[in-house]
Amino acid sequence: KNEVEQSPQNLTAQEGEFITINCSYSVGISALHWLQQHPGGGIVSLFMLSSGKKKHGRLIATINIQEKHSSLHITASHPRDSAVYICAARAVWDYGGSQGNLIFGKGTKLSVKP
Amino acid sequence: DAGVTQSPTHLIKTRGQQVTLRCSPKSGHDTVSWYQQALGQGPQFIFQYYEEEERQRGNFPDRFSGHQFPNYSSELNVNALLLGDSALYLCASSVTGTGGAFFGQGTRLTVV
């Protein structure tokens, strides 16, 4: 079992729909990242969460530390939201001077149709 | 601020050859991590460099090695290339202790 699991793997939505992508993790974390990857490879960081909820435009990310679960929501989806969304857990690191590595989920491929 | 820059963007190598990939971190960032992303998969952690030392390492063979320079830039070296090393190699930089991560565009390595 992977340490970071995402669902669904693939998601097709109509423009305007509300979208939810889920992420569960089994390791201790210092932070949880939501990332966006477009064809060609570049990754953009959307959110970094350690508790609660964050909102940026039409994107909302939540995390429940007790349940080890996070969700990414997209309101009023648009074709330009089509991308791969990746959840990554920042592992806890006990040694001073550096930080835990990122453990990635496999990603959710989102396609929004006009 | 140029952000995280990686070079080259694309590379084709033959099995058995050696390759060096380069990463310049975002200005002010002191920690560089390297990831390998196979097609259709999430990135896998290779190693992390801080203060010119390898601080952490993922489950990759010794053929994968790296270096960090005093200006915080980093190199990833892969020896004795295998077909299975074909992947997108991503560099991420951060300020240690902050938990953040800024990614480069990646280097697409094809081994033939």
Side-chain angles (χ1 to χ4, degrees), chain A residues 1-7 9-10 21 23-25 27-51 54 61 63 65 70 83-109, chain B residues 3-6 8-11 21 23 26 29-60 68 72 86-110:
Chain A
K1 189 178 187 299
N2 292 330
E3 293 171 301
V4 178
E5 297 273 2
Q6 276 185 248
S7 64
Q9 276 189 279
N10 293 282
I21 300 170
C23 174
S24 297
Y25 54 92
V27 294
I29 68 168
S30 57
L32 192 289
H33 294 252
W34 282 101
L35 309 161
Q36 181 190 58
Q37 186 171 34
H38 282 280
I43 288 180
V44 174
S45 180
L46 299 174
F47 295 103
M48 183 176 75
L49 292 164
S50 54
S51 65
K54 287 190 175 181
I63 188 168
I65 298 295
S70 178
V84 175
Y85 292 84
I86 304 174
C87 165
R90 172 78 72 185
V92 174
W93 182 241
D94 295 332
Y95 297 88
S98 61
Q99 57 192 340
N101 60 286
L102 288 174
I103 305 167
F104 291 79
K106 291 187 176 181
T108 295
K109 186 174 181 180
Chain B
V4 180
T5 57
Q6 291 186 244
T9 54
H10 294 84
L11 200 52
L21 310 182
C23 173
K26 184 175 168 66
H29 287 192
D30 57 8
T31 300
V32 173
S33 299
W34 287 92
Y35 298 88
Q36 181 196 64
Q37 186 177 26
L39 202 60
Q41 300 295 314
Q44 297 289 316
F45 174 67
I46 303 175
F47 42 54
Q48 180 190 93
Y49 275 86
Y50 170 71
E51 291 184 333
E52 301 180 47
E53 289 187 14
E54 183 183 295
R55 297 289 177 162
Q56 301 175 71
R57 189 178 184 93
N59 189 26
F60 279 80
Q68 185 179 36
Y72 306 120
S86 296
L88 179 69
Y89 289 84
L90 292 159
C91 166
S93 75
S94 57
V95 177
T96 191
T98 63
F102 288 79
F103 287 84
Q105 288 293 310
T107 294
R108 176 77 61 186
L109 172 65
T110 302

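Lettering follows sequence order; numbering is per chain, from 1. Computed from a predicted structure; not experimentally measured.
Rounding to the nearest 0.5 Å places CZ of A:Arg90 at 5.5 Å from OG of B:Ser94.
When all heavy atoms of A:Ser45 and B:Ala101 are compared, the pair lying nearest together is CB-O, 3.8 Å.
With respect to chain A, the highest number of heavy-atom pairs below 4.5 Å among B:Gly40, B:Gly58, B:Gly42, B:Ser33 belongs to B:Gly42.
For B:Gln37, the part lying under 4.5 angstrom from a heavy atom of chain A is the side chain only. Residue contact with chain B, scored on non-hydrogen atoms closer than 4.5 Å, is absent for A:Ile103. Interface remark: A:Gln37 contributes side-chain atoms only to the contact with chain B (heavy atom separation under 4.5 Å). Interface remark: A:Ile86 contributes side-chain atoms only to the contact with chain B (heavy atom separation under 4.5 Å).
Around the CZ atom of A:Phe47, the shell of radius 6.0 Å holds more than 12 heavy atoms that belong to other residues, nucleotides or ligands. The environment of CD in A:Gln9 is sparse: at most 12 heavy-atom neighbours from other residues, nucleotides or ligands sit within 6.0 Å.
Inter-residue side-chain proximity for A:Leu102 and B:Pro43 is flagged as unmet; no heavy-atom pair is nearer than 4.5 Å.
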Using a 3.5 Å cut-off and no angle test, enumerate the donor-acceptor pairs between side-chain atoms of residues 102-110 of chain B and protein atoms at least two apart in sequence or in another chain.
{"residue": "B:Thr107", "atom": "OG1", "partner": "B:Pro8", "partner atom": "O", "Å": "2.5"}

